Q: 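The structure's right below; bear with me while I get my questions together.
What you are looking at is a predicted structure, and each value in this text was computed from that prediction instead of being measured. Order of the sequence lines fixes the chain letters, A, B, ..., with proteins taken first and strands second; residue numbering starts at 1 for each chain.
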There are 2 protein chains.
Amino acid sequence: MPRTSLRARKHPRQARSRETVEALLEAAAQVFERHGYAAGTTNRIAERAGVSIGSLYQYFPNKDALLLAIVERHVAEGAERLGPLLAALRDERPPLRAGLERIVAAMVALHAERPALHRVLFEEAPRPPALRRRLDALATAATAAVADWLRAVPEVRVADPKLAARLVVQVTESVTHNLVIHADPDRSPDRWAAETVALLEAYLGSAASSG
Amino acid sequence: MPRTSLRARKHPRQARSRETVEALLEAAAQVFERHGYAAGTTNRIAERAGVSIGSLYQYFPNKDALLLAIVERHVAEGAERLGPLLAALRDERPPLRAGLERIVAAMVALHAERPALHRVLFEEAPRPPALRRRLDALATAATAAVADWLRAVPEVRVADPKLAARLVVQVTESVTHNLVIHADPDRSPDRWAAETVALLEAYLGSAASSG
DNA sequence: GCAGAACGCGAGTGATTGCTCACAATACTC
DNA sequence: GAGTATTGTGAGCAATCACTCGCGTTCTGC
């Protein structure tokens, strides 16, 4: 651990350096994707970006900063993708099955983007507290939106919408996560998605929830 | 990556060396638990075990072998714990809710054992192919047992018991995993377990499964 | 066209890591 | 208690990694 903290080092002003930073971010994503976090060395990243190692350290104070930048971008993209869905749940109040289908589809799309990178980012790499807060906020927002929607849909009969919403988010997240990362050779992703919708629909439509 | 492969180096014959190996395994578990895989250095492990670094390398050819030994032991313990459950499902054919409660309880117990170690082993550390096969075999056995049970329980009305079994295993696994590792401050583990049972019960008891 | 800022370079540094090896201590065999 | 196999030791090696620094190149404003 040669360095303790710090966020950004130098701000790219010219177009040239903005391209360098861009190349570094993409290279870092690719290298982490291919080699994992620990084996994704800064020298390798610089090399892959076609940039000197010195230039890397002009814009990122250390390896973790590079990781953080990638995750932040990844999460921002996720939030951007999820935004319309959450808005639709709030404004359109779609019926149960239709809403679930959209949630699951959005989650699958989210995970299918760059599965290997996603795995490294969310399973293997260290997560600084700042990042943790960022992710928690996103998850909380999603859960709240789903809970509101559940409360407004008449078919839903669970006793505790907030808990149910957490379960919905959690289950879709982990099922699609595993679906994408350890693909099932026997059954198509669509089949899995459909069954997940069926599972959630059965649960939410039942009154079995222990109060 | 200073070494390529190899499994075991020397077999402990005297009681003395068996104790050394034991100490090394426990020390490795503790160190990986506390520092993660990458920062869990072999020197630190040897030190914690109260053993020279040379002795470590007499019984384990490299760092990964040490990891593998730990995981294998962890998985074996898991299989041992899961065995009675699977046998009970096969022989007693408990009714839906009772069976689900036992499955979820077993899974929670399995994860609660050493959560930090579990996380490092299953999320962070590299997984050699041999290990992957071992885990797949365990999951397959569990899924098959659950599927057989589902077929025999009259309340279950899903169209595809094997797919349903996979979902059951998958959902209980991931929910309990997250439950133990990222604990929910608002709700008790029991509450989560109960709700998971409710979710699975609603799903399995419904005919909503898309054929 | 020039001064200064921004940018880019990459050999090199210090620290750390996985791991070896020459040797010493202990346990069994007779 | 001699002889041998087993076990234990730890200084140190070779490799690697994150990161620095001195210097050359390109851009911008005037």
Q: For a quick check, tell me whether the side chain of B/S52 and the base of D/dG8 share a donor-acceptor pair closer than 3.5 Å.
A: no
Q: May I ask you to verify if any side-chain N or O of B/S55 is less than 4.0 angstrom from the OP1 or OP2 atom of D/dT9?
A: yes
Q: Using atom CZ of B/F60 as one end and atom C1' of C/dT20 as the other, report the distance to the nearest whole Å.
A: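 Result: 18 Å.
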Q: Does A/Y57 have a side-chain nitrogen or oxygen under 4.0 Å from the phosphate oxygens OP1 or OP2 of D/dT20?
A: no
Q: Above 12 or not: heavy atoms from other molecules or residues under 6.0 Å from CZ of A/R151?
A: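 More than 12 heavy atoms, drawn from other residues, nucleotides or ligands, come within 6.0 Å of this atom.
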Q: How close or far is atom P of D/dT20 from atom NZ of A/K10, stated in whole angstroms?
A: 13 Å
Q: When you measure from the side chain of A/R44 to the backbone N and O of A/A39, does any donor-acceptor pair fall under 3.5 Å?
A: yes
Q: Expressed as a whole number of angstroms, how long is the span from A/K63:NZ to C/dA15:P?
A: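 Value for this atom pair: 20 Å.
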Q: Could you check how far CG of B/L67 sits from P of C/dG18, rounded to whole Å?
A: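 These atoms are roughly 12 Å apart.
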Q: Side-chain N or O of A/T42 less than 4.0 angstrom from OP1 or OP2 on D/dA18?
A: yes
Q: Quick one: list whatever passes side-chain hydrogen bond (donor to acceptor under 3.5 Å, both in side chains) with B/E26, sequence neighbours left out.
A: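 Applying side-chain hydrogen bond (donor to acceptor under 3.5 Å, both in side chains) to B/E26 gives B/Q30, B/R114.
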Q: Among residues 12-24 of chain A, which contact DNA chain D at a heavy-atom distance under 4.0 Å?
A: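 Contacts with DNA chain D under 4.0 Å: A/Q14, A/R16.
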Q: With a 4.0 Å cut-off on N to O distance, would you call B/E195 and B/R191 a salt bridge?
A: yes
Q: I'd like to know if the side chain of A/R127 and the backbone of A/F122 have a donor-acceptor N/O pair within less than 3.5 Å.
A: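 Present.
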Q: Rounded to whole Å, how long is the line connecting atom CD of B/E47 with atom P of C/dT17?
A: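 Computing the B/E47:CD to C/dT17:P distance gives 11 Å.
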Q: When the nearest nucleotide of DNA chain D is assigned to A/I53 and to B/G50 on a heavy-atom basis, which residue is associated with the more 5' position?
A: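 The answer here is B/G50.
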Q: I need the CD-P distance between A/Q58 and D/dT25, as an integer number of Å.
A: 16 Å
Q: Taking CZ from B/R44 and P from C/dT16, how many angstroms apart are they, rounded to a whole number?
A: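 One finds 11 Å between P of C/dT16 and CZ of B/R44, rounded.
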Q: Using atom OH of B/Y37 as one end and atom C1' of C/dG18 as the other, report the distance to the nearest whole Å.
A: 10 Å
Q: So, B/E124 side chain and B/Y37 main chain: donor-acceptor pair closer than 3.5 Å or not?
A: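 Such a contact is found between B/E124 side chain and B/Y37 backbone.
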Q: Identify, between A/N43 and B/L56, the residue whose nearest nucleotide on DNA chain D lies closer to the 5' end.
A: B/L56
Q: Measure the angle between the two terminal helix axes of the helix from C/dG1-D/dC30 to C/dC30-D/dG1, five base pairs each, and quote it to 10°.
A: 20°
Q: Does B/R34, at its CZ atom, have more than 12 non-hydrogen atoms belonging to other residues, nucleotides or ligands within less than 6.0 Å?
A: no
Q: So, B/W149 side chain and B/P94 main chain: donor-acceptor pair closer than 3.5 Å or not?
A: yes
Q: For A/H111 and A/H177, take the angle between the two ring planes, folded into 0 to 90°, and tell me which bin it lands in: parallel under 30, tilted 30 to 60, perpendicular over 60.
A: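 Correct class here is perpendicular.
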